[in-house]
Colleague: 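Sending over a structure as structure tokens; questions will come in a sec.
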Number of protein chains: 2
Amino acid sequence: MDIQLDETDRRILDELTRDGRMSVRALAEVVNISRSHAYSRLERLQDLGVLEGFSAVVNPARSGLGTSAYVTLTVRQHSWRDLSERLRHVPEVKHMALVGGGDVDVILLVRTRDNEALRRVVLDVLQAIPGVLSTHTFLIFEDLSNP
Amino acid sequence: MDIQLDETDRRILDELTRDGRMSVRALAEVVNISRSHAYSRLERLQDLGVLEGFSAVVNPARSGLGTSAYVTLTVRQHSWRDLSERLRHVPEVKHMALVGGGDVDVILLVRTRDNEALRRVVLDVLQAIPGVLSTHTFLIFEDLSNP
DNA sequence: TTTGAAAAATAATGACC
DNA sequence: GGTCATTATTTTTCAAA
């Protein structure tokens, strides 16, 4: 899984993380390589699976998702494949992680319109999943992403 | 904080979340509006702060960040401003949330090169922050983002 | 690997329904 | 909001150095 990335690769990823719509021309300029080379690098990074794609950065609260929470799950059997597949179909679940190191097995980042919708997701959707023994909800008052 | 978004706005955000480098021409086509109109919508969404920008989607593991963990913090005084400002300068902290609903005050998503680097971040950086009473680390075995 | 040329596609703006 | 027209940029490929 480990891949050799040199300084140029890292700077390319940095720049594109900062501005995902930056033109290849401008990118080549700031990292001091030729345009052709920039194209090759990009293609290579995508082929390697390092650069998975590009996405809009949307403010959850301002786009109608006023409530966020971390929800932890304790599950009976660790059929992570089935569980993650099932969770992937819950649009309110924005991020899911299988974890170790405590009494908790799964941590979910959930975003909903309001608290009532969060309640429904936790009680009617998550707790209804077979194998889910218990849940705990940590309401998020404020959250920040770090580039 | 609440903003009126219609179906078209939502579809624009959906499409750009799926492909952040999609051309405005293609975007206008799939959501059935004119190009000029698409430009206006985009400008409006950015002005409203709904669309914050665009970013590359980088695979953490393949880009050299082989270890990920959720680290919870219990803090003495809730000087969230100071704390979040301080955490923002820790590059390994990718996401931070001020939460309620348990004995935990802050939840951090941390990504490092390896377990040793994670240990250093938790022990030398996070636990060294004034006001941080205790930490708990949940190692992430696998994690997925949901579009 | 770099540079330059050149065609095709796209961005961005403005005038006008 | 929408359409059309226009100009500026960018993408992408290819050949040559």
Side-chain angles (χ1 to χ4, degrees), chain A residues 1-66 91 113-114 145 147, chain B residues 1-65 113 145-147:
Chain A
M1 274 296 188
D2 255 59
I3 288 159
Q4 346 258 29
L5 301 183
D6 62 13
E7 253 314 288
T8 304
D9 288 323
R10 298 196 178 285
R11 289 183 60 197
I12 287 174
L13 293 175
D14 276 358
E15 291 297 333
L16 289 178
T17 297
R18 200 182 328 279
D19 176 10
R21 281 187 88 105
M22 184 179 217
S23 73
V24 178
R25 171 183 298 233
L27 178 65
E29 211 165 289
V30 293
V31 303
N32 273 309
I33 55 176
S34 70
R35 271 137 287 169
S36 308
H37 198 184
Y39 279 108
S40 332
R41 293 268 188 167
L42 284 176
E43 200 180 341
R44 175 168 160 275
L45 288 172
Q46 295 197 273
D47 288 346
L48 291 174
V50 176
L51 178 54
E52 294 183 330
F54 298 89
S55 179
V57 179
V58 178
N59 182 309
R62 297 196 182 191
S63 69
L65 296 174
R113 225 190 73 78
D114 50 31
S145 285
Chain B
M1 274 291 187
D2 255 58
I3 288 158
Q4 349 254 31
L5 301 183
D6 61 15
E7 254 314 288
T8 303
D9 288 322
R10 298 197 177 284
R11 290 182 61 195
I12 287 174
L13 294 174
D14 276 358
E15 292 297 332
L16 289 177
T17 297
R18 200 181 330 277
D19 176 9
R21 281 189 88 106
M22 184 180 216
S23 73
V24 178
R25 171 186 295 241
L27 177 65
E29 212 164 287
V30 293
V31 304
N32 273 309
I33 56 176
S34 69
R35 257 167 293 168
S36 307
H37 195 186
Y39 280 111
S40 330
R41 292 270 188 166
L42 285 176
E43 199 181 341
R44 176 167 159 274
L45 287 171
Q46 294 196 276
D47 289 345
L48 291 173
V50 176
L51 178 55
E52 295 183 330
F54 298 88
S55 180
V57 179
V58 178
N59 183 309
R62 299 197 179 189
S63 69
L65 297 174
R113 224 190 73 77
S145 285
N146 227 13

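Residue numbers start from 1 in every chain, and the chains themselves are labelled A, B, ... in the order their sequence lines are given, proteins ahead of strands.
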Colleague: Apply the side chain to side chain contact (heavy atoms under 4.5 Å, CB included) test between B:Arg41 and each candidate in B:Val24, B:Asp6, B:Leu13; give the one that qualifies.
Modeller: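 Passing option: B:Asp6.
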Colleague: Select base, sugar-phosphate, or nothing to describe what B:Ser34 touches, counting heavy atoms under 4.0 Å on all strands.
Modeller: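 Since a base atom lies under 4.0 Å of B:Ser34, the category is base.
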Colleague: Please tell me which of the listed nucleotides, D:dT12, C:dT13, D:dT10, lies nearest to the side chain of A:Arg25?
Modeller: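 Looking only at side-chain atoms, A:Arg25 lies closest to D:dT10.
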Colleague: In whole angstroms, how far is the P atom of C:dT10 from the CG atom of B:Leu42?
Modeller: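 Result: 16 Å.
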Colleague: If you take all heavy atoms of A:Arg11 and A:Val30, which pair is closest and at what distance?
Modeller: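 Smallest interatomic distance, heavy atoms only, reads NH2-O, 2.7 Å.
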Colleague: Determine the sole option in B:Ile12, B:Asp9, B:Leu5 for which the side chain to side chain contact (heavy atoms under 4.5 Å, CB included) test with B:Val50 is passed.
Modeller: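 Passing option: B:Leu5.
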Colleague: Starting at atom CD of A:Glu29, determine the distance to atom C1' of C:dT3, rounded to an integer number of angstrom.
Modeller: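 It is 14 Å, rounded to the nearest whole Å.
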Colleague: Which nucleotide, D:dT11, C:dT13, C:dT1, lies nearest any side-chain atom of B:Arg21?
Modeller: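 Ranking D:dT11, C:dT13, C:dT1 by closest atom to the B:Arg21 side chain puts D:dT11 first.
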Colleague: What integer distance in Å separates A:Arg41:CZ from D:dT11:C1'?
Modeller: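 Distance check: A:Arg41 CZ to D:dT11 C1' gives 20 Å.
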Colleague: Return the value, rounded to whole Å, for the distance between atom CZ of A:Arg35 and atom P of D:dT12.
Modeller: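 Spelled out: CZ on A:Arg35 to P on D:dT12 is 14 Å.
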Colleague: Mind checking whether A:Arg44 and A:Leu48 have side chains closer than 4.5 Å, heavy atoms only?
Modeller: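 SC-SC contact between A:Arg44 and A:Leu48 confirmed.
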Colleague: Does A:Ser36 or B:Ser36 map to a spot on DNA chain D nearer the 5' end, using the closest nucleotide for each?
Modeller: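 Final value for this comparison: B:Ser36.
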Colleague: What's the NE2-P distance between A:His37 and C:dT2, to the nearest Å?
Modeller: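 Those two atoms, NE2 and P, are 6 Å apart.
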Colleague: Choose from D:dT10, C:dA12, C:dT1 the nucleotide whose nearest atom is closest to any side-chain atom of B:Tyr39.
Modeller: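 Side chain of B:Tyr39 sits closest to C:dA12.
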